[in-house]
Amino acid sequence: MDQATSWPSSVPPRVNLDQPSAARMYDYYLGGAHNFAVDREAAERAIAALPATVAGARTNRAFLQRAVRFLVESGVRQFIDLGSGIPTSGNVHEVAQHIDPGVRVVYVDIDAVAVTHGQSVLDGNERCAFLHADMRDVREVMGSPEVRKQIDFSQPVGLLMVAVLHFVPDSDGLLDIIARYREELPVGSHLALSHMSMTGQPREFLERFAAVYSNTANPVMLRSREEIDGLFQGFELVEPGVVTLPLWRPDGISYFAEDPERFPGFAGVARKMD
């Protein structure tokens, strides 16, 4: 049965069920149920093009959780998760509030299904909010009632851009978007970022993978290691710097344990110093 008929109350108006969504495809990779036939078909094509796709999504999720734990243990008590996607097990607030129940989190996503389900998941959690917005619109995000209610900009913020920037083309002013977020953050805040890359897997696999996403609402941009390094401009990287995701402060659980350098993407966490 198509998910569209199995949970109709969760499908917001104006959702295009004829075009795949990156958020819903990612949900499928992680074993979630909030996706439609069109998403599953596209996701299966992506997996056929790049067999490491499912392991890659889970590796990315594991990096997010490690980064959140690191930031909470470093004193960060509030997070803005840009392009958060559809909530699934091990969300930011679950990881962070397990350590400190007082942590506040604002999730931001452009996908209506992600927002609808996210708001349902967060119902009753007064320290969390889910904002329906395009993360490229910095003014809308940072000036929103959700952010202004939950986030105290006199204290450090954990800004999460995990597996989202490869959906932002250079023509949208990617570096300027990051710079504008950085300007809004107080000193001591951190940026946690992961991004797919053309390195790590055979180029033809990655090109076929990108071709699948060219037919979705979210075409993917595969940047080089050097370009990803440049996304941290204005921040000071913490150890171990920019590395493939399995190598960022590993905790013993890895889907690329045999050859972590082959992971097709990089990640890092960096601090705003001034």
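Along the sequence shown, the residues carry numbers beginning at 1. When reading the values below, keep in mind they use all heavy atoms of this one structure, side chains included, and skip hydrogens, waters and symmetry mates.
Atom CD of E44 sits in a crowded spot, with more than 12 heavy atoms from other residues, nucleotides or ligands closer than 6.0 Å. With a 6.0 Å radius and a threshold of 12 heavy atoms from other residues, nucleotides or ligands, E126 has its CD atom at or below the threshold.
Separation of atoms CG (L193) and CZ (F63) is listed at 7.5 Å; rounding is to 0.5 Å. The distance from atom CZ of R203 to atom CG of L222, rounded to the nearest 0.5 Å, is 9.0 Å.
At least one donor-acceptor pair closer than 3.5 Å links the side chain of Q78 to the backbone N or O of P156. Remark: side-chain polar atoms of N91 are paired, donor with acceptor, to backbone N or O of T88 under 3.5 angstrom.
In this structure, the side chains of V212 and R208 stay at 4.5 Å or more apart for every pair of heavy atoms.
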> Taking it one step at a time, do H166 and R223 satisfy side chain to side chain donor-acceptor pair (under 3.5 Å)?
Replying inline: CA-CA 7 Å; H166 46 241; R223 294 184 170 92; over 6 Å; no
> What's the verdict on side chain to side chain donor-acceptor pair (under 3.5 Å) for Q19 and N215, showing C-alpha distance, side-chain angles and the deciding distance?
Replying inline: CA-CA 8 Å; Q19 186 177 41; N215 295 315; over 6 Å; no
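Residue M142 comes nearest to R148 through the heavy atom pair O-NE, 2.9 Å, listed as atom of the first residue, atom of the second, then distance. Across all their heavy atoms, L131 and S144 have their closest contact at CD2-OG, 3.5 Å. Residue G90 comes nearest to Q65 through the heavy atom pair O-NE2, 3.2 Å, listed as atom of the first residue, atom of the second, then distance. In this structure, V76 and V157 approach most closely via the heavy-atom pair CG1-C, 4.0 Å. In this structure, I86 and A23 approach most closely via the heavy-atom pair CD1-O, 4.0 Å.
Aromatic pair W248/F70: ring centres closer than 6.0 Å. In this structure, Y213 has its ring center under 6.0 Å from that of F209. A centroid separation of less than 6.0 Å is found between the aromatic rings of Y107 and H93.
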